[in-house]
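Report on one structure; see the data block that follows.
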Amino acid sequence: AIVLNQSPSSIIASQGEKVTITCRASSSISSNYLHWYQQKPGAFPKLVIYSTSYRASGVPSRFSGSGSGTSYSFTISRVEAEDVATYYCQQGSSNPYTFGAGTKLELK
Amino acid sequence: QVQLKETGPGLVQPTQTLSITCTVSGFSLTSYYMQWVRQTPGKGLEWMGFIRSGGSTEYNSEFKSRLSISRDTSKNQVFLKMNSLKTEDTGVYYCARERSYGVMDAWGQGASVTVSS
């Protein structure tokens, strides 16, 4: 199985601050198959970025993604209060699909 | 409007079988893969398996021996059945639609399952 190591596990940021989350895969993944989700407490995961760098419908432009091979990143350019959530990377390249352990974003 | 909704038993006894139904609207099951993902306190988000638009299935080997996914296209429903439940199977079970490349672009609200006697 491809293991996705996400870091950091938690972030405390101020509104307006830039935050970046890293997702490192145990094997190389085609960039088409790496995705990011946002999960707010008590809710389902919501697709934010698909295929490394494409924003899902309705997602604000402050969210972006990049990467290739085994190293991927997810950035919020200016954190807003509504961005408080846990963020997960996920690969759909091979069975079993796997998720990172999550990064919990909190506001200072 | 795309909608997915899971319905399940809530409480299941250890060693018993879990059955959850995912009812969808706004799209056809014959056009998309349908995924099952669970979220447990012990392991976080875990992919369980999917049923392809053509009806064949693929499972995570972690569950393969006790998991079954099926569907009824006439009722727009996808089914998860898992037997031999253990307390560590307690969690929230989600169905999700896969667009392509493993992208899960629509999710149900989740069915909370507690395995306890």
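Hydrogens, waters and symmetry mates play no part in the numbers below; they use all other heavy atoms, side chains included. Throughout, a chain's letter reflects where its sequence line sits, starting with A, and its residues are numbered from 1.
Other residues, nucleotides and ligands contribute more than 12 heavy atoms inside 6.0 Å of the CZ atom of Arg62(A). Other residues, nucleotides and ligands place more than 12 heavy atoms under 6.0 Å from the CZ atom of Arg66(B). Shown here is Leu107(A), whose CG atom has more than 12 heavy atoms of other residues, nucleotides or ligands within 6.0 Å. For NZ of Lys40(A), the number of neighbouring non-hydrogen atoms (other residues, nucleotides, ligands) closer than 6.0 Å is greater than 12.
In terms of hydrophobic clustering, with Ile, Leu, Val, Met, Phe, Trp and Tyr side chains grouped at heavy-atom distances under 4.5 Å, Leu67(B) and Val113(B) are assigned to a common cluster. Val92(B) is not connected to Met34(B) by any chain of hydrophobic side-chain contacts under 4.5 Å among Ile, Leu, Val, Met, Phe, Trp and Tyr, and they are in different clusters. There is no path of hydrophobic side-chain contacts, each under 4.5 Å, that joins Val12(B) to Tyr94(B). Both Ile11(A) and Val79(A) are assigned to one and the same hydrophobic cluster, defined by single-linkage of ILVMFWY side chains at heavy-atom distances under 4.5 Å. Both Tyr93(B) and Val24(B) belong to a single network of hydrophobic side chains, linked directly or stepwise wherever heavy atoms of I, L, V, M, F, W or Y lie under 4.5 Å apart.
The aromatic rings of Tyr97(A) and Phe50(B) lie tilted to each other, with the angle between the two planes from 30° to 60°.
The two atoms that bring His35(A) and Val103(B) nearest to each other are CE1-CG2, 3.1 Å, heavy atoms only. Minimum heavy-atom separation, Tyr37(A) to Met104(B): OH-N, 3.0 Å.
Your options are Lys43(B), Gln39(B), Glu62(B), and the one with the most heavy-atom pairs under 4.5 Å with chain A is Gln39(B). For the options Pro96(A), Ser57(A), Ser30(A), Ser93(A), heavy-atom pairs under 4.5 Å to chain B are most numerous at Pro96(A).
With a threshold of 4.5 angstrom between heavy atoms, Val37(B) approaches chain A through side-chain atoms but not through N, CA, C or O. Residue Tyr88(A) touches chain B through its side chain alone, counting heavy-atom pairs closer than 4.5 Å. Of the two parts of Ala43(A), only the backbone, made up of N, CA, C and O, holds a non-hydrogen atom closer than 4.5 Å to a non-hydrogen atom of chain B. Residue Glu98(B) touches chain A through its side chain alone, counting heavy-atom pairs closer than 4.5 Å.
At least one donor-acceptor pair under 3.5 Å links the side chain of Asn95(A) to the backbone N or O of Tyr59(B). A donor-acceptor contact shorter than 3.5 Å is absent between the side chain of Gln90(A) and the backbone of Trp47(B).
Between the side chains of Gln91(A) and Tyr101(B), no donor-acceptor pair of N or O atoms lies under 3.5 Å.
Atom CG of Leu45(B) is separated from atom CG of Leu4(A) by 11.5 Å, given to the nearest 0.5 angstrom. The line from CZ of Arg99(B) to CG of Leu47(A) is 6.5 Å long, rounded to the nearest 0.5 Å.
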